[in-house]
Amino acid sequence: MLFKKKLEGTKTCKLLKEAFAAECFAERRFKLFASIARDEGLPAIEDTFNEMASSQNYHAESHFDMLRESGEQYYGFKVGNTVENIKTALAVEALESDECTGLIKVATDEGLSYVAERVEQIAIDEVAHIHRLNTLMNEIVKWT
């Protein structure tokens, strides 16, 4: 609890959240770069990018652990036991689904139908994620 008091509401807390997000973006970026190198037949470069992605993942986990250990909510979402994490994941997926809906509308209004069509496929995935998470929640309820 002392750790929470020291971290909650501090600039350090804000910066840890930003660092976590940046490391997540960096990991994803390096994985995409690795995929491109693989497609171009450059396995050594692919390996390097994958190693760097792994390092970024470690950094993200470290930042996340400090936030979790402090009891801090990550942008309003609680990290806790599996049931709490499924609830958080459901809330996040619902937000992402809503963001997709908004993006589809804007892209359509701006005449960017190819963007709207691709985002619509992502929106379908988001809804599928929600259904999977609900199934997991129902299974956990049965187990307990």
Side-chain angles (χ1 to χ4, degrees), residues 3-4 6-143:
F3 184 60
K4 182 176 179 179
K6 286 180 145 183
L7 190 57
E8 188 175 27
T10 65
K11 186 173 182 178
T12 297
C13 184
K14 177 184 178 293
L15 292 174
L16 273 174
K17 289 176 180 182
E18 291 172 2
F20 171 72
E23 296 290 353
C24 290
F25 287 137
E27 178 194 13
R28 175 69 359 229
R29 185 181 318 106
F30 283 132
K31 285 186 173 281
L32 291 169
F33 291 171
S35 176
I36 292 167
R38 182 194 63 237
D39 292 347
E40 293 176 350
L42 302 167
I45 295 173
E46 174 189 3
D47 290 346
T48 299
F49 279 133
N50 279 325
E51 287 173 22
M52 294 174 79
S54 179
S55 179
Q56 300 302 320
N57 181 60
Y58 173 77
H59 300 162
E61 286 179 0
S62 180
H63 296 314
F64 188 77
D65 284 345
M66 286 184 274
L67 291 166
R68 188 187 77 227
E69 289 167 11
S70 74
E72 180 64 31
Q73 291 189 356
Y74 187 72
Y75 294 105
F77 294 107
K78 182 176 170 97
V79 176
N81 64 34
T82 299
V83 171
E84 292 168 329
N85 292 342
I86 291 172
K87 289 177 183 177
T88 293
L90 279 164
V92 170
E93 291 299 312
L95 283 175
E96 290 174 356
S97 179
D98 290 346
E99 288 171 356
C100 285
T101 300
L103 181 53
I104 291 165
K105 180 178 179 352
V106 170
T108 300
D109 290 349
E110 293 179 339
L112 301 168
S113 59
Y114 65 96
V115 172
E117 290 168 10
R118 288 182 70 180
V119 174
E120 189 157 349
Q121 290 304 307
I122 294 168
I124 291 168
D125 285 346
E126 300 299 354
V127 171
H129 295 167
I130 291 168
H131 290 298
R132 287 182 71 191
L133 289 163
N134 278 320
T135 299
L136 287 174
M137 185 63 80
N138 291 333
E139 289 299 314
I140 286 177
V141 168
K142 286 180 193 176
W143 298 334

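From a predicted model like this one, the values you see are computed outputs, not experimental measurements. All residue numbers refer to positions in the sequence shown, counting from 1.
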Query raised in the report: Do Asn138 and Thr135 pass the side-chain contact (heavy atoms from CB on, under 4.5 Å) test, and can you show the C-alpha distance, the side-chain angles, and the key distance before you say yes or no?
Result: CA-CA 5 Å; Asn138 291 333; Thr135 299; 5.6 Å; no
Report task. Assess whether side-chain contact (heavy atoms from CB on, under 4.5 Å) is satisfied between Arg28 and Lys31, documenting all intermediate values. Result -> CA-CA 5 Å; Arg28 175 69 359 229; Lys31 285 186 173 281; 3.3 Å; yes
Report task. Could you walk me through whether Gln121 and Asp125 pass the side-chain contact (heavy atoms from CB on, under 4.5 Å) test, one step at a time? Result -> CA-CA 6 Å; Gln121 290 304 307; Asp125 285 346; 5.9 Å; no
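Taken from CD in Glu27 to OG in Ser54, the straight-line distance is 8.0 Å, to the nearest 0.5 Å. Going from atom OG1 of Thr108 over to atom CG of Leu103 covers 9.0 Å, rounded to the nearest 0.5 Å. Distance check, rounded to the nearest 0.5 Å: CZ of Phe25 to CZ of Phe20 gives 10.0 Å. Here the CD1 atom belonging to Ile140 is positioned 6.0 Å from the CE atom belonging to Met137, to the nearest 0.5 angstrom. Separating the CD atom in Glu23 from the CG atom in Leu16 is a distance of 11.0 Å, to the nearest 0.5 Å. Note that the CE atom of Met66 and the SG atom of Cys13 stand 11.0 Å from one another [nearest 0.5 Å].
Pairing each heavy atom of Ala123 with each of Ile104, the nearest pair is CB-CD1, 4.3 Å. Nearest heavy atom pair, residue Glu46 against residue Ala34, reads CG-O, 3.4 Å. The two residues Ala60 and Cys24 come nearest to each other via the heavy atoms CB-SG, 4.0 Å. Of all the heavy atoms in Leu90 and Ile130, the pair that sits closest is CD2-O, 3.6 Å.
The closest side-chain heavy-atom distance from Leu32 to Arg29 is not below 4.5 Å.
Although no hydrogens or angles enter the test, the distance criterion places no donor-acceptor pair under 3.5 Å between the side chain of Ser55 and the main chain of Glu51. Glu84 places a side-chain N or O within 3.5 Å of a backbone atom of Asn81 that can act as its donor or acceptor partner.
With sequence neighbours excluded, the residues forming a side chain to side chain donor-acceptor pair (under 3.5 Å) with Arg38 are Ser35, listed by chain and number.
By the 4.0 Å N-to-carboxylate-O rule, Glu139 lies close enough to Lys142 to be salt-bridged with it.
Side chains of Asn57 and Glu61: a donor on one and an acceptor on the other come within 3.5 Å.
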